[in-house]
*Asks:* 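Handing you this structure, nothing more for now.
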Amino acid sequence: MLKDSQVMAVLPAKDIDRAREFYRDKLGLEPSQTIDDQNLIYMCGNGTGFLLYQTDNAGTAKNTQMGWGVADVEKEVEELRGRGVVFEEYDMPGLKTENGIATLEGMGQGAWFLDSEGNILNIASMPM
């Protein structure tokens, strides 16, 4: 039943206006729909998208909350850095980044960054 339905990520934002600016200025995204000024829907490739909603619970997750599959992680990291995005550095068993990028065995490359609300976001070249 759900396997043929589109999926949409849901991300919290403590300050929806600050988050809107981050997604616009840093990631180049504009909401495709605004619902009551506290819920923003963004559409991305192949009919995928995410909802950004206002809540005081933003920034509390300690895990990757959403990611984009990209063809060239290094190119995307360079472009996003040029827009002011800061990439996380990790050095733990199974995950070590160099210059913000990890090479994941059998899964390509990945890079992680925080949005303005503390949500952990990812870009990766994992096979789809």
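It should be emphasised that the depicted structure is a prediction, and the values quoted were computed from it without experimental measurement.
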*Asks:* List, by chain and then residue number, the residues other than V86 in its hydrophobic cluster (Ile/Leu/Val/Met/Phe/Trp/Tyr, side-chain heavy atoms under 4.5 Å); write none if there are no others.
*Replies:*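 The other cluster members (ILVMFWY side chains, heavy atoms under 4.5 Å, direct or chained): none.
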
*Asks:* Could you tell me which non-hydrogen atom of Q6 sits nearest to which non-hydrogen atom of G47, and how far apart they are?
*Replies:*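 Residues Q6 and G47, closest heavy atoms: NE2-O, 3.1 Å.
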
*Asks:* Determine, using the 4.5 Å side-chain heavy-atom cutoff (strictly less than), whether M66 and F113 are members of one ILVMFWY cluster.
*Replies:*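 As far as the 4.5 Å side-chain criterion goes, F113 and M66 are connected within one cluster.
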
*Asks:* Does the E117 side chain pair with the main chain of K14, one donor and one acceptor, at a distance under 3.5 Å?
*Replies:*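 Yes.
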
*Asks:* Is there a side-chain contact between I16 and N39 in this structure, where contact means two heavy atoms from C-beta onward sitting under 4.5 Å apart?
*Replies:*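 No, side chains not in contact.
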
*Asks:* Given 3.5 Å as the limit, does a donor-acceptor pair link the side chain of E76 with the main chain of V70, or not?
*Replies:*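 Absent.
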
*Asks:* Please check if atom CD in E78 has more than 12 non-hydrogen atoms from other residues, nucleotides or ligands closer than 6.0 Å.
*Replies:*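 Atom CD in E78 is not packed in, count stays at 12 or less.
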
*Asks:* If you compare all heavy atoms of A111 against all heavy atoms of V73, which two are closest, and at what distance to 0.1 Å?
*Replies:*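 Residues A111 and V73, closest heavy atoms: CB-CG1, 4.3 Å.
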
*Asks:* List the atom of G110, the atom of L104, and the distance in Å for their closest heavy-atom pair.
*Replies:*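 So the two residues come closest at N-CD1, 4.5 Å.
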
*Asks:* May I ask whether L29 and L121 are part of the same hydrophobic cluster, defined by side-chain heavy atoms of I, L, V, M, F, W, Y residues being less than 4.5 angstrom apart, directly or through others?
*Replies:*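 Yes, L29 connects to L121 through the hydrophobic network.
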
*Asks:* In terms of hydrophobic clusters joined by side-chain contacts under 4.5 Å, are I41 and L27 together?
*Replies:*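 No, I41 and L27 fall in different hydrophobic clusters.
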
*Asks:* Provide the closest heavy-atom pair for E89 versus G100 in the form atom of the first, atom of the second, distance.
*Replies:*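 Closest approach of E89 to G100: OE2-N, 2.6 Å.
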
*Asks:* About how many Å separate CD1 of I120 and CG of L114, when rounded to the nearest 0.5 Å?
*Replies:*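 The CG atom of L114 sits 6.0 Å away from the CD1 atom of I120.
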
*Asks:* What distance separates I101 CD1 from E88 CD, expressed to the nearest 0.5 Å?
*Replies:*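 Answer rounded to 0.5 Å: 14.0 Å.
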
*Asks:* How would you list all residue pairs meeting salt bridge (Lys or Arg N to Asp or Glu O under 4.0 Å) that involve residues 25-42, not counting sequence neighbours?
*Replies:*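 Every candidate salt bridge (Lys or Arg N to Asp or Glu O under 4.0 Å) pair involving residues 25-42 fails, so no pair, neighbours aside, qualifies.
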
*Asks:* What's the spacing between F87 CZ and I123 CD1 if we round to 0.5 Å?
*Replies:*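 It is 4.5 Å, given to the nearest 0.5 Å.
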
*Asks:* Can you measure from CE (M92) to OG1 (T97) and round to the nearest 0.5 angstrom?
*Replies:*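 The OG1 atom of T97 is 8.5 Å from CE of M92, to the nearest 0.5 Å.
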
*Asks:* Who are the ring pair (Phe, Tyr, Trp, His ring centres under 6.0 Å) partners of F50, not counting sequence neighbours?
*Replies:*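 With neighbours one apart ignored, the set is Y23, Y42.
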
*Asks:* Examine distances only and state if a side-chain atom of N119 and a backbone atom of P12 form a donor-acceptor pair shorter than 3.5 Å.
*Replies:*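 Confirmed, N119 side chain pairs with P12 backbone.
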
*Asks:* Measuring from atom CG of N122 to atom CH2 of W68, what distance do you get when rounded to the nearest 0.5 angstrom?
*Replies:*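 The distance works out to 9.0 Å.
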
*Asks:* Is there a continuous path of hydrophobic side-chain contacts, each under 4.5 Å between heavy atoms, that joins I35 to M8?
*Replies:*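 Linked, I35 and M8 end up in one cluster.
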
*Asks:* Could you state the interatomic distance from OG (S125) to CD (E74), rounded to the nearest 0.5 Å?
*Replies:*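 Atom-to-atom, S125:OG and E74:CD are 9.0 Å apart.
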
*Asks:* Look only at the side chain of Q109 and the backbone of T103, and say whether a donor-acceptor pair between them is shorter than 3.5 Å.
*Replies:*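 Answer holds: no.
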
*Asks:* Give the minimum heavy-atom separation between K96 and D91, together with the two atoms involved.
*Replies:*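 Of all heavy-atom pairs spanning K96 and D91, the closest is NZ-OD2, 3.6 Å.
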
